Amino acid sequence: MSGGRTRHTLWMTAVITMLVVSGCGSSVDGRAVSIYENPFTVAGLPVTDGLSGPRPGAPHSTLEVRNAEGTDSDIIATDAIDDIQRYWAQTYPELFKGTFAPVSALISWDAGEDEDEGVRFCGDRTGGVPNAAYCSRDDTIGWDRTILLPALIDAFGPMSVVMVIAHEYGHAVQYQSGLIGEDTPTIVAEQQADCFAGAFIRHVAEGDSAHFTINTSDGLNGVLAATVAVRDVDPNDPDSVHGTAFERVTAVQIGFTDGAAACTEIDEAEIESRRADLPHQFSNAADDGELPVTVETLEAFVRSFESLLTLQNPPSVTYNGSDTDCPDGSSTEPVSYCASTNTIGVDVGALAELGTAERPRRGDVIPLNVSGDYSAYVLFASRYTLAVQNEAGQPLDNPQTALRSACLAGVITAGLSAENRTSTSELEVWLSPGDLDEAVSGLLSDGLTASDIDGVTLPSGFSRVDAFRSGVLGGREQCNTRYR
């Protein structure tokens with residue numbers, strides 16, 4: 001495969017009440033409670049909606065940065081380096097032998113200068129290089145203050161810059177500790193660095209950063225969305241060495257959830273286990289993986305859904321609008337499910353618009369959104385999962401419903417892998433590279449795939465993506481166990 005109304009999050013107001021009532025207890029009715037038990041937490045932290053960005057009143061870092069001009073980008077990047085170095089001064093001895101040493105130098109440059117001009121970084125001129133990087137040759141970190149960092153701030157907020165700098169500093173830690181060497185696969189080095197960045201963002205979320213603060217709803221969503229934006233775009237490009245959005249966000253989530261120690265365990269085998277049977281390259285380089293949304297393609301998806309999540313009483317599907325005149329609930333655009341009639345209603349035109357690939361605009365440094373056909377199909381799949389939950393007697397109008405919907409949509413997504421096609425397979429459609437990235441981007445932006453029967457979603461994109469990933473990699477049983 002490769003419109004409509006967005007409901008406002010209504011469950012945010014319940015967060016404080018739930019936290020007061022339930023506290024931070026580790027057991028309920030004698031059974032262990034996982035970090036997924038409470039839908040209003042993010043990897044064990046409460047969902048918050050306060051400030052994300054520079055901490056008000058915090059004095060700026062006095063670290064020396066060569067060629068800096070004191071722009072907002074320079075200040076944010078330098079303050080980030082200061083906090084990251086304090087974090088690693090504490091964390092490094094817990095993981096590695098020896099004492100942590102800060103990088104040798106910091107460099108800022110203007111990527112707007114002509115090519116072959118500008119200061120040198122890692123031996124090369126920086127004109128025309130909108131990037132941030134670590135140079136192992138001389139143990140320096142540098143960034144473009146005029147194009148890349150301002151674009152990140154404009155698109156995803158200042159914490160996206162902190163995330164990028166934390167990733168680059170992760171590379172410095174890898175080399176200093178000997179965690180990687182010249183023969184380490186680049187994908188391993190990159191995803192370890194993503195993971196280290198996630199661990200540092202957790203440090204910020206816990207209130208331990210001198211210069212920054214981040215909320216665990218839209219603030220953390222923006223950090224993850226920035227990770228999606230800087231994914232490998234062309235799966236057939238031999239220089240695609242950072243990982244897909246699905247893989248990179250997963251690495252960040254591992255660090256945020258389990259800490260920096262877990263990042264040291266990322267190797268080729270671990271990454272391959274997360275890739276499972278998912279597609280990573282087009283068999284035909286001319287294929288763009290896009291399957292336009294039509295009644296015919298939706299019917300093919302329904303038949304494939306039924307082969308993956310079998311129901312005794314499959315829902316009927318109508319294609320003349322999302323409003324099914326449901327007697328027990330309101331409709332949601334562009335797809336809705338009515339439990340009393342067991343009917344899915346689809347506004348095909350609006351769903352097709354949602355599934356139209358967003359083409360880069362001239363002058364864009366980074367894409368703001370990753371969209372395509374699977375943006376629509378995964379939402380359609382999530383409404384089918386409401387019928388699955390309905391037949392199982394599970395509630396359809398609470399936060400756990402939203403997370404189960406995302407998780408079961410992940411189960412369907414994994415089941416649509418071309419690796420599952422056999423001579424007896426009933427699949428009529430299957431995944432293309434990039435489809436999971438479109439799903440992750442949608443979960444971070446509007447989150448409708450992770451919504452209940454009324455279209456109500458959760459404030460935490462982190463939790464929405466984590467639920468989807470659980471379904472992709474863990475299967476249906478994990479959905480039912482985690483999101484009871």
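Each residue takes its place number in the sequence, starting with 1. The model shown is predicted, which means the values in this text are computed figures rather than measured ones.
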Minimal non-hydrogen separation, P158 against P54, with atom names: CG-CD, 3.9 Å
State plainly whether the residues D466 and R482 are in salt-bridge range, i.e. N to O under 4.0 Å. yes
Is any side-chain heavy atom of R274 less than 4.5 Å from a side-chain heavy atom of I254? yes
Mind listing the closest non-hydrogen atom pair of A89 and P93 along with its distance? O-CD, 3.4 Å
Would you call S108 and W143 a side-chain contact if the rule is heavy atoms closer than 4.5 Å? yes
Member of I214, L444, V249 meeting the side chain to side chain contact (heavy atoms under 4.5 Å, CB included) criterion with V223: I214
Worked verdict on D49 versus V47 for side-chain contact (heavy atoms from CB on, under 4.5 Å): CA-CA 7 Å; D49 63 349; V47 176; over 6 Å; no
Kindly compute the distance separating NE2 (H60) from CG (D82), expressed to the nearest 0.5 Å. 12.0 Å
Can you confirm whether W88 sits close enough to F196 that some side-chain heavy atom of one is under 4.5 Å from a side-chain heavy atom of the other? yes
Give a yes or no answer on whether the side chain of T126 reaches the backbone of V129 with a donor-acceptor pair at less than 3.5 Å. no
Just so I know, are the side chains of Y92 and S177 near enough to count as touching, which here means a heavy-atom distance under 4.5 Å? yes
L443 CG to S463 OG distance, which is reported to the nearest 0.5 Å: 11.0 Å
Check whether any side-chain heavy atom of S73 sits under 4.5 Å from a side-chain heavy atom of I153, and report yes or no. yes
Spatial distance of atom CD (E64) from atom CG (L106) [nearest 0.5 Å]: 8.5 Å
Would you say the side chains of S52 and N215 form a donor-acceptor pair under 3.5 Å? yes
Report, as yes or no, whether the 6.0 Å neighbourhood of atom CG on D267 holds more than 12 heavy atoms from other residues, nucleotides or ligands. yes
Could you tell me whether a side-chain N or O of T457 sits under 3.5 Å from a main-chain N or O of A450, the two making a donor and an acceptor? yes
Spell out, as yes or no, whether a donor-acceptor pair under 3.5 Å connects the side chain of T78 to the backbone of I75. no
Under 3.5 Å: donor-acceptor pair, side chain of S371, backbone of A357: no
Treating D454 as the side-chain partner and V456 as the backbone partner, does any N or O pair qualify as donor plus acceptor under 3.5 Å? no
Check: R464 side chain, L458 main-chain N or O, donor-acceptor pair, under 3.5 Å: yes
Show your working on side chain to side chain donor-acceptor pair (under 3.5 Å) between S209 and D83 and close with a plain yes or no. CA-CA 6 Å; S209 166; D83 284 4; 2.4 Å; yes
Flag the pair E69 / D110 as yes when at least one side-chain heavy-atom distance between them is below 4.5 Å, and no otherwise. no
Check S441 against V228 and note the closest heavy-atom contact, atom names and distance. CB-CG1, 4.3 Å
Rounded to the nearest 0.5 angstrom, the OG1-CE distance for T213 and M159 is 8.0 Å
Answer yes if the side chains of T297 and Y377 hold a donor-acceptor pair under 3.5 Å, and no otherwise. yes
Where do I266 and Q191 come nearest, in terms of heavy atoms and distance? CD1-O, 3.8 Å
Give the intermediate values and the outcome of side chain to side chain donor-acceptor pair (under 3.5 Å) for residues S432 and Y374. CA-CA 9 Å; S432 290; Y374 205 64; over 6 Å; no
Could you check whether any side-chain heavy atom of D373 comes within less than 4.5 Å of a side-chain heavy atom of D435, counting everything from C-beta outward? yes
Would you check if V103 and H171 make a side-chain contact, meaning some heavy-atom pair closer than 4.5 Å? no
Using every non-hydrogen atom in the two residues, find where I141 and F121 come nearest and quote the distance to one decimal. C-CE1, 3.8 Å
Would you please say whether a donor-acceptor pair under 3.5 Å links the side chains of T401 and D452? no
Expected output: side-chain R55 to main-chain H211 donor-acceptor under 3.5 Å: no
Using a distance-only test with no angle check, is there a side-chain donor-acceptor pair under 3.5 angstrom linking S451 and R383? yes
As an exercise, state the distance from CG of L408 to CG of L403, rounded to the nearest 0.5 Å. 11.0 Å
Please determine whether the number of non-hydrogen atoms from other residues, nucleotides or ligands lying under 6.0 Å from atom CD of E94 exceeds 12. yes
Look at the rings of F256 and F462 and say which category their plane angle falls in: under 30° parallel, 30 to 60° tilted, over 60° perpendicular. tilted
Can you list the steps and then say if E438 with V378 is a side-chain contact (heavy atoms from CB on, under 4.5 Å)? CA-CA 9 Å; E438 293 164 8; V378 73; over 6 Å; no
Does the ring center of F301 lie less than 6.0 Å from the ring center of F380? no
Is a side-chain N or O of Q176 found less than 3.5 angstrom from the main chain of A101, in a donor-acceptor match? yes
For S160 and L152, indicate whether the former's side chain and the latter's backbone hold a donor-acceptor pair under 3.5 Å. yes
Would you say the side-chain atoms of H203 pair up with the backbone N or O of D208, donor to acceptor, closer than 3.5 Å? yes
Please name the pair of heavy atoms, one in R66 and one in V119, separated by the smallest distance, quoted to 0.1 Å. NH2-CB, 4.5 Å
Go through the side-chain N and O atoms of T71 and R145 and say whether any donor and acceptor fall under 3.5 Å apart. no
Can you measure from CD1 (I201) to OH (Y87) and round to the nearest 0.5 angstrom? 10.5 Å
More than 12 foreign heavy atoms under 6.0 Å from CD of Q90: is that the case here? no
